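Note that the coordinates shown come from a computational prediction; the quantities given were computed from them, not determined experimentally. Indexing begins at 1, ligand by ligand and atom by atom, following the structure's order. Note that the numbering runs from 1 along the sequence shown for the chain.
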Amino acid sequence: MGPVEIKKGVYWVGALDWNIRDFHGYSTPKGTTYNAYLIIDEKITLFDTVKKPFKNDLIESISKIIDPRRIDYLVVNHVEMDHSGSVPEIVELVGPQKVVCSAMGKKALVDHYGLQNWPYHIVETGQTLKLGKKTVSFLETRMLHWPDSMMSYIAEDRLLLSSDGFGQHWATSQRFDDEVDASELFDHAAKYYANILMLFSPVVQKVIAKIDELGLDVDMIAPDHGLIWRRDPAGIIKAYQRWSRQECGAKALVIYDTMWQATERMASAIAEGLKEGGLDFKLLNLKLNHRSDIMTEVLDSRALVLGSATINNGMMPAMADLLSYMKGLRPAGKVGAAFGSYGWSGEAVKLLSEAMREMNITLIGEGVRVRYSPKREDLDKCVELGRQVARAALEAVGPPAKAATKTSGGGKCAQ
Ligand code: FEO
C-alpha cells in the first residue's frame, strides 16, 4: 500500500507482510508489518527501512512523496534484519549525508553488512538532530530488545517512533489503533510482549521511567510493527507497565503432552481440582497449541501445571521445546507443579520439576507420577494437586476478578 500521513509532514512508508507465519519461532497467523517513517522537512529523513524482500514497497511508497534520492538522513533505530535488511541498498540508492544510529548500532551495521565507510552520525540519549522545523531527540533503549536499539522522539509532533517497543505482529490495511478492534489489538500487543519483550521486563520499566524523566510529551506512538497508537498512547504504556511487573492473573494453565492419553486424563483431573479450588484454568495440549500462544497465556497466569508422559527416559519433545523457549523468556512470580504417566522409568516428572526450579517457579507438592493408566486413586491425587495449586495461587493474587472488558489500556490482565 502507499504512504499514509500520520502527522503533518510525517509519513508511514512501510510494508505489509501478509504471508509470514513464523517470526523466529513466534507464530504470526495474521502476518506482520515492517514500519518505516519519512519526515519531509529541510532535511528529509527516513526512519528505519524494511525487511529486504520488501525493499521495493518502501521505495515505491517514498517515491509517491519525493524522489528517494532527495533523502538527506537515514536514522537506523534498530539493526535487526526485519528493519535494516534494506539499509545497504537504500544507502546505495540515496547516498545520505548522515546514517544516524547509536554506537552499538554502528557496530551492528558494520558487523552485519561490513560497510565502514558510511557517513555514520552516532547519537546517544538526550542528543538532538535539527531537521528544520522539526527536531529529533534520541533515546537509547539498550536491550529493548537489542544492544543497538533506540527510539526517536519528535517534540513538535509529540511523536515517539518506538522501534520494536509497543509493536504487534498483525498485518492490516488500517494504520491506526482507532481503526481496528481494540480487543484484538491488545491481544496482539500482549502476544508480542510475551514472546519478544518479557525477558527484558526490567528494561521496559527503566525505559518508561526514562520517557517520564525526560518529560517526553507523547500523543502518538509509532512502532516498527503493526498499528500506530494515536487514540490513547498512554493505554499501551500502562499495559507495558503492568506486563513488565508480571503481577497479574488468578489463572492457571495445565500444559501437557500425552502419549496414550493417560497424562491427558491426569490433566483433566488436575483441572477439576483447580476449579474446585476456585481458580480459573486453561487446558493446553501441546499438540494443538503453539509455543508462542502458550507464552501469551503465561503472561497473565499465576500457576503453571506441566505434564508429560515419559519417552526414552525424558519428556515429550514438544514439552522440551516449550521449556527451552519459556526459560529464555524468563516468566516471573509463578507457582507450578508437575505430573505425568510412564511405563517403566518415569523421569519426566522429575525433569519437569527441575526445569521449573531453574525458572524460579515455586513448586507445589512433589508432583504426581502414574504408571501406565491412572486409577481412581491416582486421579484423586491429581484433583488434590489441582486444589493445592489453586490455594497457593490464590494466596498470592486473590480470587479471580469478574470478566474484564478489553478496551484501550485494557487487554490481557485488565482486571
Ligand atoms: Fe522487529 Fe528486533 O526487530
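Looking only at distances, a side-chain donor or acceptor of Arg369 sits under 3.5 Å from a matching main-chain atom of Gly346.
For Lys191 and Ser27, the side-chain atoms include at least one donor-acceptor pair closer than 3.5 Å. Side-chain atoms of Ser292 and Tyr325 include no donor-acceptor pair closer than 3.5 Å. The closest side-chain donor-acceptor pair between Asn285 and Thr258, if any, does not fall under 3.5 angstrom.
For the atom pair Leu38 CG and Thr45 OG1, the distance stands at 8.0 Å (nearest 0.5 Å).
Residue pairs satisfying the side-chain hydrogen bond (donor to acceptor under 3.5 Å, both in side chains) criterion with at least one member in residues 164-175, sequence neighbours excluded, are listed as follows: Thr32-His169, His78-Asp164, His83-Asp164, His145-Asp164, Asp164-Tyr192, Asp164-His225.
Protein contacts to atom 2 (Fe) of ligand 1 involving N, O or S atoms at a distance below 2.8 Å are His78 NE2, Glu80 OE1, His145 NE2, Asp164 OD2.
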